[in-house]
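Just below is one structure, and these are the notes that go with it.
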Amino acid sequence: MANVNATVPFPSNLLPDAGSPDWMNKADNAWQLTAATLVGLQSIPGLLILYGGAVKKKWAVNSAFMVFYAFACVLVCWVGWGYQMSFGEKLFPLWGKPNVALDQAFYFKQAFLGKIPNVTMVYFQFVFAAITLILIAGALLGRMNFYAWMLFVPLWLTFSYTVVAFSIWSTKGYFALKGMIDYSGGYVIHLSSGVAGFTAAYWVGPRLNKDRERFPPNNILLMLAGAGLLWLGWTGFNGGDPYVVSMDASLAVLNTHVCTATSLLTWLILDITFFRKPSVIGAVQGMITGLVCITPAAGVIQGWAAILMGLISGSIPWFTMMVVHKRWKLLQRVDDTMAVLHTHAIAGTLGGILTGLFAEPKLDNLFYGTYGRYVGLFYGFQMGDVKTGFRQLGLQIYGVVFVVLVNVIVTSLVCVVVGFIVPLRMSDDELEIGDEAAHGEEAYAIWGQGEKEASSTNKYGSGHIEMMA
């Protein structure tokens, strides 16, 4: 029989050329660009309109603008030095060397993982860095000085995000070499943003008392639209992290949505059981905790484990938010506007620890290419390799401690430094007014075509009208 491979040529569109070298997989590259754009859409416009709709009307512009600014600022910093500090040459076991990622020669080399070029990897990793800062913003809505936020973003990215990303995700990083599992950012993104957001909220200070007591969403439907983009965008968030179009990517996507749906329903049932009303805001919180919890485990656990993680992520953060937070005065002293401590720090911690229980060796092999090194504790018992299972669980807990310490220390230092330059919090007079004081703009025209009726000049140089509740 003739050799089929010798007689059937590749289709012309699959042949390597100057733009598609023989090491690059076109399908993988196309999916990676698509996945990155899905993650980008989670921020712009996803979180932008979620925050803009979830806050009091007078803060809609400011909240959305914090997202818009952070997305742009992170990208410039990322190609300037952030990517190389997160994934480049090792400077220390926990940090990479600062360098630019702007050169064509660098862009067109094969990335550190996958059959994709560096230029695609830079874009893909950028959207993860950007959403981390944007999640931190959720804890600070309704009072942070915008000029302070402009300084906070590049400083925190440089001295906190890059350290955690290199340590856990870089193939040269300390925790990556140890064998810790963070499939798609439960530690690097969610635990980091939850702890950093809560810490920054402590340093910035609270909203006005009347805003803390009554802070109704100005547009719940807009908030839901943002939540929907966040949920569906997670297809790229977790589905893109194998860096290959594979069954593992498909598993990560399905597990993500199964866990999220389970978590949402769990939160909803608890709201109905204890508060006698199905809350749409509560459902969004349950959705977020499910997405966060599954992230470190998405492609390395089985479907039944995704259901269990959804039940846990919909109940424990509900309990910490609805019961513990309301009874613990220390937690109440910190004004965490979007409750990122519960939805990201606690849910991310749960996801990381549960990964240490449920990680399945065969699926770990699909993702890491190594069988027997990454073993969840339950499978350690099943395989008679309990020592490896306990080691994995210990590494996952070790990672939690590391991320918490780094973010508390670095975020505090960044806030202190920024506070020496500009006030972290707006003045009480500015807080009374909101968007018009901060930006000279308002989100909604209440009458006519946006003109102001009976406007009176104030010290901010524009007319101010008290917005309706």
Side-chain angles (χ1 to χ4, degrees), residues 168-169 175-176 178-191 234 237-239 241-242 246-267 286-319 343-401 403:
I168 294 175
W169 274 348
F175 284 95
K178 286 282 187 183
M180 199 192 92
I181 301 173
D182 187 9
Y183 188 88
S184 195
Y187 290 81
V188 177
I189 296 167
H190 299 295
L191 180 55
W234 230 280
F237 200 107
N238 289 346
D241 262 298
S246 67
M247 291 188 294
D248 188 50
S250 301
L251 176 67
V253 170
L254 185 59
N255 278 344
T256 295
H257 297 306
V258 167
C259 178
T260 302
T262 305
S263 181
L264 187 155
L265 296 175
T266 302
W267 196 293
M287 175 204 82
I288 293 171
T289 57
L291 291 166
V292 170
C293 186
I294 194 64
T295 294
V300 297
I301 61 166
Q302 297 197 44
W304 59 265
I307 291 279
L308 289 177
M309 290 181 76
L311 291 170
I312 293 168
S313 65
S315 55
I316 292 180
W318 181 93
F319 180 76
T343 58
H344 292 276
I346 291 172
T349 298
L350 287 171
I353 292 172
L354 291 170
T355 302
L357 298 176
F358 296 141
E360 208 272 0
K362 292 179 181 177
L363 298 175
D364 290 321
N365 182 45
L366 282 180
F367 184 59
Y368 290 105
T370 302
Y371 185 82
R373 186 185 184 203
Y374 303 88
V375 179
L377 180 59
F378 290 165
Y379 290 94
F381 280 110
Q382 186 183 62
M383 297 164 56
D385 190 7
V386 178
K387 182 179 178 181
T388 303
F390 273 114
R391 180 183 182 276
Q392 190 67 61
L393 182 60
L395 274 173
Q396 301 302 117
I397 296 170
Y398 184 18
V400 170
V401 174
V403 174

Evaluate Q396 against I181 for side chain to side chain contact (heavy atoms under 4.5 Å, CB included), listing each step before the verdict.
CA-CA 7 Å; Q396 301 302 117; I181 301 173; 3.7 Å; yes

Audit row: T349, L191, side chain to side chain contact (heavy atoms under 4.5 Å, CB included) steps and yes/no:
CA-CA 6 Å; T349 298; L191 180 55; 3.3 Å; yes

Steps toward side chain to side chain contact (heavy atoms under 4.5 Å, CB included) verdict (R391, L395)
CA-CA 6 Å; R391 180 183 182 276; L395 274 173; 3.3 Å; yes

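Shown here are the side-chain contact (heavy atoms from CB on, under 4.5 Å) partners of S246, two or more places apart in sequence or in another chain: P242, V244, D248, A249.
Panel note: side chain D385, backbone G380; no donor-acceptor pair is recorded below 3.5 Å. The backbone N or O of A347 lies less than 3.5 Å from no partner atom in the side chain of T289, so there is not a single donor-acceptor pair.
The CZ atom of F175 lies 11.0 Å from the CG atom of D182; values are rounded to the nearest 0.5 Å. One distance of note links CG of N238 with OG1 of T256; it measures 3.5 Å at 0.5 Å rounding. Of the inter-residue distances, the one linking L264 atom CG with C259 atom SG reads 11.0 Å to the nearest 0.5 angstrom. Atom-to-atom distance recorded for H257:NE2 and T262:OG1 is 12.5 Å, nearest 0.5 angstrom. Distance OG1/T266 to CH2/W318: 12.0 Å, rounded to 0.5 Å. A distance of 10.0 Å separates CE of M287 from OG1 of T343, quoted to the nearest 0.5 Å.
When all heavy atoms of M180 and Y374 are compared, the closest pair comes out as O-CE2, 4.3 Å. Nearest heavy atoms, Y187 versus I168: CB-CD1, 3.8 Å.
Applying the 6.0 Å contact sphere to CE of M247 captures no more than 12 heavy atoms from other residues, nucleotides or ligands.
In this pair, F390 and F381 present their aromatic rings perpendicular. The plane angle is above 60°, beyond the 30 to 60° band.
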What side-chain donor-acceptor pairs closer than 3.5 Å can you find for residues 292-313, not counting sequence neighbours?
unit_1, atom_1, unit_2, atom_2, d
T295, OG1, W234, NE1, 3.0
T295, OG1, L291, O, 2.6
Q302, NE2, Y379, OH, 3.0
S313, OG, S263, OG, 3.1
S313, OG, M309, O, 3.0
S313, OG, G310, O, 3.2

Enumerate, atom names and distances included, each donor-acceptor pair closer than 3.5 Å involving a side-chain atom of residues 351-363, sequence neighbours excluded.
unit_1, atom_1, unit_2, atom_2, d
T355, OG1, G351, O, 2.6
E360, OE1, K362, N, 2.7
E360, OE1, L363, N, 3.0

